[in-house]
Asker: 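The following block contains the structure, expressed as structure tokens.
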Amino acid sequence: AKADEVKLSIKEENSVLHFAIEDNGVGFDPMEKRTGIGITNMQSRIETLNGKFQVLSRPAKGTTLLIEIPVVIADDVCYAEQTILNIVKY
């Protein structure tokens, strides 16, 4: 929140997309309970793509999100495979 600068970097290495999103906002303590669902939703979506999600933040120091998503590259097309969870009711 309250950032006036955001940096985004994206690179592919060994069939993994690496994203880093950094801001110079107010930051927060990642260990404190949050009332919003934004970060939880991002983490859930990335895990559905068999990815990794990490939040680095400190009050008054901004926030960095690090994301890794394994991809398949074929015929000049890059895509991620989703994990589909089947819920069975008993």
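Nothing here was measured: the structure is a model prediction, and the numbers come from that model.
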Asker: For atom CG of Leu8, is the number of surrounding heavy atoms from other residues, nucleotides or ligands below 6.0 Å larger than 12?
Answerer: yes
Asker: Leu65 and Met42: side-chain contact (heavy atoms from CB on, under 4.5 Å), yes or no, with the steps?
Answerer: CA-CA 10 Å; Leu65 304 178; Met42 285 187 280; 4.1 Å; yes
Asker: With the side chain counted from C-beta on, respond yes when Val16 and Ile69 share a heavy-atom pair under 4.5 Å apart, and no when they do not.
Answerer: no
Asker: Which atoms form the tightest heavy-atom contact between Asn50 and Glu81, and what is the distance?
Answerer: ND2-O, 3.2 Å
Asker: Verify, without hydrogens or angle tests, whether Ser15 (side chain) and Val72 (backbone) share a donor-acceptor contact under 3.5 angstrom.
Answerer: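 Absent.
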Asker: Establish whether Leu49 and Val55 are linked, either directly or via other cluster members, by ILVMFWY side-chain heavy-atom contacts under 4.5 Å.
Answerer: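 Linked within one cluster.
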Asker: Please tell me if the side chains of Tyr79 and Val71 come closer than 4.5 Å, counting only heavy atoms from C-beta onward.
Answerer: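 Sidechains of Val71 and Tyr79: no contact.
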Asker: Does Ser44 use its side chain to pair, donor to acceptor, with the backbone of Thr40 at less than 3.5 Å?
Answerer: no
Asker: Do Leu56 and Ile46 share a hydrophobic cluster (ILVMFWY, side-chain heavy atoms under 4.5 Å, transitive)?
Answerer: no
Asker: Closest heavy-atom contact between Ser57 and Gly62?
Answerer: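 Residues Ser57 and Gly62, closest heavy atoms: OG-O, 3.0 Å.
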Asker: Roughly how far, to the nearest 0.5 Å, is CD of Gln54 from CD of Glu68?
Answerer: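 CD of Gln54 is found 8.5 Å from CD of Glu68.
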Asker: Does one hydrophobic cluster hold both Phe53 and Ile37, with members joined at side-chain heavy-atom distances below 4.5 Å?
Answerer: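 Each belongs to a different hydrophobic cluster.
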Asker: For residues 17-27, which side-chain N or O atoms pair as donor and acceptor with protein atoms under 3.5 Å away, sequence neighbours left out?
Answerer:
from: Asp23; atom 1: OD1; to: Gly25; atom 2: N; distance (Å): 2.9
from: Asp23; atom 1: OD1; to: Thr63; atom 2: N; distance (Å): 3.0
from: Asn24; atom 1: OD1; to: Asp4; atom 2: N; distance (Å): 3.1
from: Asn24; atom 1: OD1; to: Glu5; atom 2: N; distance (Å): 3.1
from: Asn24; atom 1: ND2; to: Asp4; atom 2: OD1; distance (Å): 2.6

